[in-house]
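Worksheet: one structure, shown below.
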Amino acid sequence: MNLLRLAAFSIFLSLTSPCFSQLTSCIDKAVTTSLENVQYGVLDANAKWTNGSILTVRFLGGSSHIHQKIKEYARVWESFANIKFNFISYGNADIRIGFDPSGYWSYAGTHSKNIEQNKQTMNYEGFSESTPEIVLKRTILHEFGHALGLLHEHKSPISRIQWNKPKVYAHYMQLQGWSQQKVDEQVLNRYSVEMSNKEYDPSSIMHYPIDGSLTMDGYSVSWNTELSAGDKKLIGEMYPFYNTPPITSPGVTSSSAAASCQLNNVAITHNLLRNGKYGIGINGNYQIQNAQGKKCKFVAFFYNANGTPLKDFNQQYYSNNGNVVVGEEVTANYASTLFNTQLFIPYEELHLATGNHNLKVIISVFDDQVREIAQAGAAYFTYRNGPVISPIINIQSFDNFNIKVMPKFTIQNARLNQLSLVAHFYFENGTPVTYYDAYGRIQNLAISYNFIPGFDNTTYNYGYYSDLLLNVSYNFFPVLYRSTSYKYYTTIVKDGFQIGTSGWTSFILNR
Ligand SMILES: [Zn+2]
């Protein structure tokens, strides 16, 4: 048996291909067959409005009845977020609401700033007097969630929804006329880094209903019509209410007045390279008042998503109590002083083990009495330290010539990495199956195939079709008696290291 033949027996089917669309649209209402557009990859901190903002909202058409409903349900968010909506009739607005036939959709957060003023940033197709109250409610709550920067919960990388891909494709083809690629973009692909990384919340208003027939295990989610506890918690962390003295008008100062701060803008940049190290950049623009000659602090605190602070180990970026922080002390030279502070912390200073870490960073400004006088609100992000692979389960099938080995697994943080799938074959008693290579040497039978994950979070062989398949000829396996038992395991290899290994899988060949 020669090497060429061995290679020829490693045959593989379609691999997931990368697809990165900037504008992702998705279905909102299965009933009304609408289309929804959401900017991809948001809830990076840069889609979040400045905490404490008053967002202006203007209608581009629509009846007064619908206007009232939109105001009513939009304002539900105001109870949980330090954001106000100011509905205006004229002039430039942060959010413009249209009613054209393009479906139900909204841009996420500050991405609406990139849209021309004469175009809507949110749309409600066909809302009318006869639209049921429950549909108005859940749709308006959902779209305003987007407008505050929230994304689709069903695309959470934490969800592990096992979509039945052929059924999902067929479903959306029938309902929306969508191509497979479009369904991938809008339903199946999961969000990646720098998005909301609270726990997966199937009761979120940002989750679509899922019919049980569209998942492998019958998993289903019904229509959500209220803000969930998770929604309230997340939005409250993004836009926290905090106790701060009232902001003094510029020019009006008093020596007895408490210091105050207007935090105008915070931008968080991931994967920034500084002095040969990758890390997080934090840029803050803020105005401190009534603190002339006093030292104030601009500080970023790092936590696990569940709220426990990251611990420091080397006194490089740390607080008095041993947590990971990065900050800068500034002195207010004037009664009202404008600052622009840039911070940087290398990822290695977060002191995290290999794997996926759901984290949040909270940025605050403190006065000289260490009172918090402004807070930007939590920004969630995922830090992935090396590839992370789920348990590997081997699915196998048999045709006239081959055993087909289909490992089922999910791999994260390996997008565009060169990986190998390798299957190692043994007799049931543990003796390796062998063959003679091109040089006549005896070799243990290991069939491999190189592949490259296309996504930050790539799932193989969870659908009906094979994403990753090894065809292994029966010619490799001598059937010694009437029947012979074999076993194998599969492993995923990166740079010569096994990053994931399955358990044993057995099969029997009959003569
Ligand atoms: Zn949506």
Side-chain angles (χ1 to χ4, degrees), residues 45-46 48 50-52 82 237-270 272-303 307-351 359-379 381:
N46 299 328
K48 192 163 79 67
T50 297
N51 187 30
N82 187 13
E237 286 193 300
M238 287 171 67
Y239 303 104
F241 297 97
Y242 54 92
N243 292 319
T244 181
I247 294 163
T248 315
S249 304
V252 180
T253 56
S254 152
S255 58
S256 63
S260 64
C261 180
Q262 173 77 52
L263 192 52
N264 300 315
N265 195 22
V266 167
I268 298 174
T269 311
H270 290 279
L272 210 57
L273 187 61
R274 288 274 168 83
N275 300 323
K277 290 178 178 175
Y278 282 97
I280 304 169
I282 296 155
N283 194 310
N285 186 283
Y286 52 101
Q287 188 144 20
I288 297 178
Q289 301 180 31
N290 299 330
Q292 196 159 7
K294 292 174 180 168
K295 286 181 163 49
C296 299
K297 288 191 182 71
F298 178 84
V299 188
F301 299 85
F302 292 88
Y303 302 85
T308 56
L310 300 190
K311 286 291 170 195
D312 173 65
F313 292 102
N314 61 356
Q315 285 83 49
Q316 293 290 316
Y317 296 82
Y318 67 111
S319 63
N320 294 340
N321 50 4
N323 297 332
V324 175
V325 303
V326 57
E328 192 169 287
E329 195 170 69
V330 296
T331 303
N333 287 323
Y334 309 99
S336 176
T337 314
L338 187 64
F339 292 97
N340 195 336
T341 299
Q342 289 174 304
L343 304 176
F344 177 79
I345 181 169
Y347 286 121
E348 65 189 37
E349 294 298 338
L350 301 178
H351 303 295
L359 305 173
K360 63 184 172 188
V361 52
I362 294 178
I363 294 126
S364 296
V365 181
F366 296 92
D367 69 6
D368 61 326
Q369 306 295 311
V370 203
R371 290 180 314 143
E372 184 183 59
I373 53 175
Q375 196 199 112
F381 64 100

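No hydrogens, no waters, no symmetry mates; every other heavy atom, side chains included, goes into these values. Along the sequence shown, residues carry numbers from 1.
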Taking the side chain as C-beta and beyond, is there a heavy-atom pair between V299 and S364 under 4.5 Å?
no

With no hydrogens and no angle check, is any side-chain donor or acceptor of E372 less than 3.5 Å from a backbone partner on F366?
no

Any donor and acceptor pair, going by atom type alone, linking the side chain of N51 with main-chain N or O of P240 inside 3.5 Å?
yes

Could you tell me which residues satisfy salt bridge (Lys or Arg N to Asp or Glu O under 4.0 Å) with E329, sequence neighbours excluded, listed by chain and number?
K297

Between F381 and H270, how do the two ring planes meet: parallel, tilted or perpendicular, split at 30° and 60°?
tilted

Which residues pass the side-chain contact (heavy atoms from CB on, under 4.5 Å) test with N340, sequence neighbours left out?
N283, N285

Closest heavy-atom contact between Q287 and S336?
NE2-OG, 2.8 Å

Residues passing the salt bridge (Lys or Arg N to Asp or Glu O under 4.0 Å) test with K277, sequence neighbours excluded, are E348

Residues that Y318 engages under side-chain contact (heavy atoms from CB on, under 4.5 Å), provided they are two or more places apart
D312, Q315

Got I373 and S260 here, is their nearest side-chain heavy-atom distance under 4.5 Å?
no

Counting heavy atoms not belonging to K295, are there more than 12 under 6.0 Å from its NZ?
no

Could you pull out all residues at least two apart from F298 that satisfy ring pair (Phe, Tyr, Trp, His ring centres under 6.0 Å)?
Y286

To the nearest 0.5 Å, tell me how far I362 CD1 sits from E237 CD.
6.0 Å

Could you check F302 against V326 for side-chain contact (heavy atoms from CB on, under 4.5 Å), going step by step and ending with a plain yes or no?
CA-CA 9 Å; F302 292 88; V326 57; 3.8 Å; yes

Nearest heavy-atom neighbours spanning C296 and D368:
SG-N, 4.4 Å

Derivation of the side-chain contact (heavy atoms from CB on, under 4.5 Å) call for K294 and D367:
CA-CA 8 Å; K294 292 174 180 168; D367 69 6; over 6 Å; no

Matching residue for L310 among V325, L359, N323 - test: side chain to side chain contact (heavy atoms under 4.5 Å, CB included)
L359

I'd like to know whether CG of N275 has more than 12 heavy-atom contacts from other residues, nucleotides or ligands below 6.0 angstrom.
no

Please identify each residue that fulfils ring pair (Phe, Tyr, Trp, His ring centres under 6.0 Å) with Y278, with sequence neighbours left out.
none

Should N264 and L338 be marked as a side-chain contact (heavy atoms from CB on, under 4.5 Å) after you check the CA-CA gap, both sets of side-chain angles, and the distance that decides it?
CA-CA 10 Å; N264 300 315; L338 187 64; 4.0 Å; yes

Just jot down the side-chain contact (heavy atoms from CB on, under 4.5 Å) partners of T337, sequence neighbours excluded, or say none.
A332, Y334, F339

By side-chain hydrogen bond (donor to acceptor under 3.5 Å, both in side chains), which residues pair with T331, not counting sequence neighbours?
none

For N314, which residues count as a side-chain hydrogen bond (donor to acceptor under 3.5 Å, both in side chains) partner, sequence neighbours excluded?
E349, H351

d(E328 CD, I282 CD1) to nearest 0.5 Å is 11.5 Å

Are I363 and I268 side-chain neighbours, meaning at least one heavy-atom pair lies under 4.5 Å?
yes

Tell me, please, which residues at least two apart from F344 pass side-chain contact (heavy atoms from CB on, under 4.5 Å).
L272, R274, P346

